[in-house]
Visitor: 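First the structure, which I've put down as structure tokens, then a few questions once you've had a look.
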4 protein chains.
Amino acid sequence: MAEDAQRSGERAKRLPRAVREKQILDAAVAVFAQHGYHSASMDEISETAGVSKPMIYSYLGAKEDLFTHCIRRESGRLLEAVQAGIKVDVPPDMQLWHGLRAFYRFVAEHRESWTVLHRHALTVGGPFAGEVNALRGRAIDLVAQLVVSQGSRKGLGEQAEFSGKGLAAALVGAAESLADWWLDNSDVPDGVLASWLMNLIWLGFNDLVEGDVWRPRES
Amino acid sequence: MAEDAQRSGERAKRLPRAVREKQILDAAVAVFAQHGYHSASMDEISETAGVSKPMIYSYLGAKEDLFTHCIRRESGRLLEAVQAGIKVDVPPDMQLWHGLRAFYRFVAEHRESWTVLHRHALTVGGPFAGEVNALRGRAIDLVAQLVVSQGSRKGLGEQAEFSGKGLAAALVGAAESLADWWLDNSDVPDGVLASWLMNLIWLGFNDLVEGDVWRPRES
Amino acid sequence: MAEDAQRSGERAKRLPRAVREKQILDAAVAVFAQHGYHSASMDEISETAGVSKPMIYSYLGAKEDLFTHCIRRESGRLLEAVQAGIKVDVPPDMQLWHGLRAFYRFVAEHRESWTVLHRHALTVGGPFAGEVNALRGRAIDLVAQLVVSQGSRKGLGEQAEFSGKGLAAALVGAAESLADWWLDNSDVPDGVLASWLMNLIWLGFNDLVEGDVWRPRES
Amino acid sequence: MAEDAQRSGERAKRLPRAVREKQILDAAVAVFAQHGYHSASMDEISETAGVSKPMIYSYLGAKEDLFTHCIRRESGRLLEAVQAGIKVDVPPDMQLWHGLRAFYRFVAEHRESWTVLHRHALTVGGPFAGEVNALRGRAIDLVAQLVVSQGSRKGLGEQAEFSGKGLAAALVGAAESLADWWLDNSDVPDGVLASWLMNLIWLGFNDLVEGDVWRPRES
DNA sequence: CATGAATGAGCTTTCATTCAT
DNA sequence: AATGAATGAAAGCTCATTCAT
């Protein structure tokens, strides 16, 4: 309900379009996150936003368009956050490390965004999955690049055991699932989460149980 | 017309209850898989099942109950399939290997079941996620046990870098995501899929790029 | 409200589909006639029919389909009535005479049908005008045939003053407009109406004012 | 920016009221002609006019009033055009002839006006039909006068076969319908159209097929 | 004068659910 | 046992209309 929105019943103050659009999108993300695309009702969104339904339709279009706008905004934010967190000119493992931390920080601070993107956008038929899968695709490509660059340095070819794309997909999936798991087990700090993944992925169980542990060096 | 018994329009044959229930559940799983919970309509389910709507309500209850029944049946099947695939009295890594292969075989042979369980049940608010998460929980526990048994053998305590539950969650998540990815990239055989995961998880990138590769021994 | 329809609020008696369809169509024609296509509301139609809205949608489809059904039924009735009224094997002028009388009798007895067909169906954009214009086209063709057969007997060619189609269109238009005018001046009997038109069309003002008058002979 | 006066976005030039009203009415007629009264939206009218909606309300009132204004203006124009075309002090048939030509010329040059008046105004319930029927009434009276003057000269009384009003209504209806038909068959010149009607009405089929043809004399 | 911002009210349509046969 | 017939309730969307600047 933003900051109390408008006292219900009264005609809303006149505000510039950009402000209203933000209010609406915020409300929409919240409602979509809570109920999912289908069960979310335009009525609830409009109430939450403190704005009448016609404004929503006039500014952001029908329900589908509104959802698309939400997805675009949130995936943009996520992408920015991760890219801002990654440092270039550091070894691949450190890049991964920083990316993961940024990702988990984002999820922690924007639970609703993540819920909409991961839990809801992917399951609704239609053009929505496409948007999110594009984002996911970028993540996978990024990781795949890291992996392959490592792999090719050592002369690994195209064996069954090694497929950059496949491994990257698995890694990204693991990160996503862990984020999901985190939503219901939020007492773990984000650094630890990233740390688990790094160890799992970089060293594997085998080395791990040997006491061999990956740790971030420098910054 | 009097003694013909089976006439009058298209009145369905009197069938034992168990058979009808199966027809209905099969249809429901198919329709839910295709449209998702909310967009699936009782009408379509009844048509697909070749059974009138009142029968559905009388046998399996309202839409929610019906969905719950679907989830229970399919998660039971998945669990059975995986448990049947696992061999006891083999080393932990081989247990994981067999479990993964059984899992992917199930997904390949029952795409609809998997779709309902993974894509749809988790995103609908309500008691459904609980059902599936229980299943997922059992999988995580199972994996965690393997991991922890390895870990404790080597004296690893509760350090930040090592949490059986967390790692298991990540692994299970990776396996699920890879299954999802597989639905749209089905040209990879299930053995290879399992192989990727094993290498990723057991050895990690680091060993992998050293040319060190995990391979199933014996059966 | 048909014959009191159902006492409002009570669940309607179970009736065979055909009966309900008729009720609905009757109500729809009445409501469309009164308000026109756009202003007619499905709510009013359903109330008038004594049937809930979902039945309308299930039996006759959406508003457009419903309107189409109305038009088809009514134009079919009009066509039948006129065709039943025309006698073959009588001179052309007598055919016209009988056709006109049948037409006006129909309009008198089915004011609503005529209103829907003439006043409303023609002005709504979409496929509706097509349906009615097809009917009108048949009427024009029929008249044109009469006219042309007369004309060609006398050796009239294609002069500017004589175009079967054009004249027939004018005649049909005159008949329609007179019907419309009649709706608001209903004290004239239908025979007289037809008589006016016959005189106007067959003899023209010129002969008329000479005292020359057309009159129906025999049957 | 302060003294620039005409700035800030797209704020329309301050224009005298009469000009604005014309802009609005022109747009309204165009939009009403295209979509009909109900489907025309105030939004589209305001966009077409290049004027904001509040101006429309302030200058010309609500939708109904606006439509009334349209009808008044256009029917006035039509009336003027026809009256200007008629010559006094010529025989009745020539008066009719000139009136018809003027009418068809107007329709040709103002298709939208005619569409609004004939196709739309008549079918909307409410006060609109009244406006147009008043116009039509004047046309009918005018024609009736011609007819009756002819008739009474010859001593025709009030017989069933002869009613000035009825005949005039039929004639006017025929002219209108022919105009409508013309909208979709515009390759016929207006003179020919008028010529058809004159022949039909003045001479009738009977004389026509005898080779007797009405032709305009002098101017 | 002129308008962007705002909404109440209403419409069509659909769906899960139940009754009567 | 089995179903066609029936509906309450709600959702998405649009429109004519007005207020505040």
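Throughout, protein chains are lettered first and strands after them, A, B, ... in sequence-line order, and every chain is numbered starting at 1.
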Visitor: Which residue, C/Pro16 or A/Glu64, contacts DNA chain F at a nucleotide closer to its 5' end, judged by nearest heavy atom?
Guide: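 Counting from the 5' end, the first nearest nucleotide belongs to C/Pro16.
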Visitor: State plainly whether the residues B/Arg73 and B/Asp26 are in salt-bridge range, i.e. N to O under 4.0 Å.
Guide: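 Yes, charged N to carboxylate O under 4.0 Å.
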Visitor: Could you tell me which nucleotide pairs with F/dA20 by Watson-Crick or G-U wobble geometry, both distances under 3.5 Å, or answer none if nothing does?
Guide: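 When the pairing criteria are applied, E/dT3 turns out to be the nucleotide that pairs with F/dA20.
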Visitor: With no hydrogens and no angle check, just 3.5 Å: does a side-chain donor-acceptor pair link D/Thr115 and D/His120?
Guide: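 No donor-acceptor contact under 3.5 Å links the two side chains.
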Visitor: In Watson-Crick or G-U wobble terms, both distances under 3.5 Å, what is the partner of E/dG8?
Guide: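 Pairing partner, where one exists within any strand: F/dC15.
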Visitor: With respect to the phosphate group of F/dT14, does any side-chain polar atom (N or O) of A/Tyr57 fall under 4.0 Å of OP1 or OP2?
Guide: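 Checking A/Tyr57 against F/dT14: no side-chain N or O falls below 4.0 Å of OP1 or OP2.
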Visitor: Could you work out which one of E/dA6, E/dT13, E/dA16 sits closest to the side chain of A/Leu15?
Guide: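 Between E/dA6, E/dT13, E/dA16, the one nearest the side chain of A/Leu15 would be E/dA6.
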Visitor: Answer with yes or no whether C/Lys53 presents, from its side chain, a donor or acceptor under 3.5 Å of a partner atom in the base of F/dT7.
Guide: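 When only heavy-atom distances are counted, C/Lys53 does not reach the base of F/dT7 through any donor-acceptor pair under 3.5 Å.
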Visitor: So which nucleotide from F/dA6, E/dC1, E/dT17 ends up closest to the side chain of D/Tyr59?
Guide: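 In terms of side-chain proximity for D/Tyr59, the closest of F/dA6, E/dC1, E/dT17 is E/dC1.
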Visitor: If the cut-off is 4.0 Å, is D/Arg20 near the phosphate of E/dA2, judged by side-chain N/O to OP1 or OP2?
Guide: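 For E/dA2, OP1/OP2 do have a side-chain N/O of D/Arg20 under 4.0 Å.
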Visitor: Could A/Lys63 and A/Tyr37 be counted as a cation-pi pair, given that NZ or CZ must be under 6.0 Å from the ring centre and within 45° of the axis?
Guide: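 Yes, A/Lys63 lies over the aromatic ring of A/Tyr37.
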Visitor: Once you apply a heavy-atom cut-off of 4.0 Å, does C/Met55 come out as touching a base, just sugar-phosphate, or nothing?
Guide: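 Touches a base.
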Visitor: Round to a whole Å and report the spacing from NZ of C/Lys63 to C1' of E/dT14.
Guide: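 To the nearest whole Å, that distance equals 17 Å.
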Visitor: Between B/His69 and B/Glu21, is any side-chain donor less than 3.5 angstrom from a side-chain acceptor?
Guide: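 B/Glu21 and B/His69 do not have a side-chain donor-acceptor pair below 3.5 Å.
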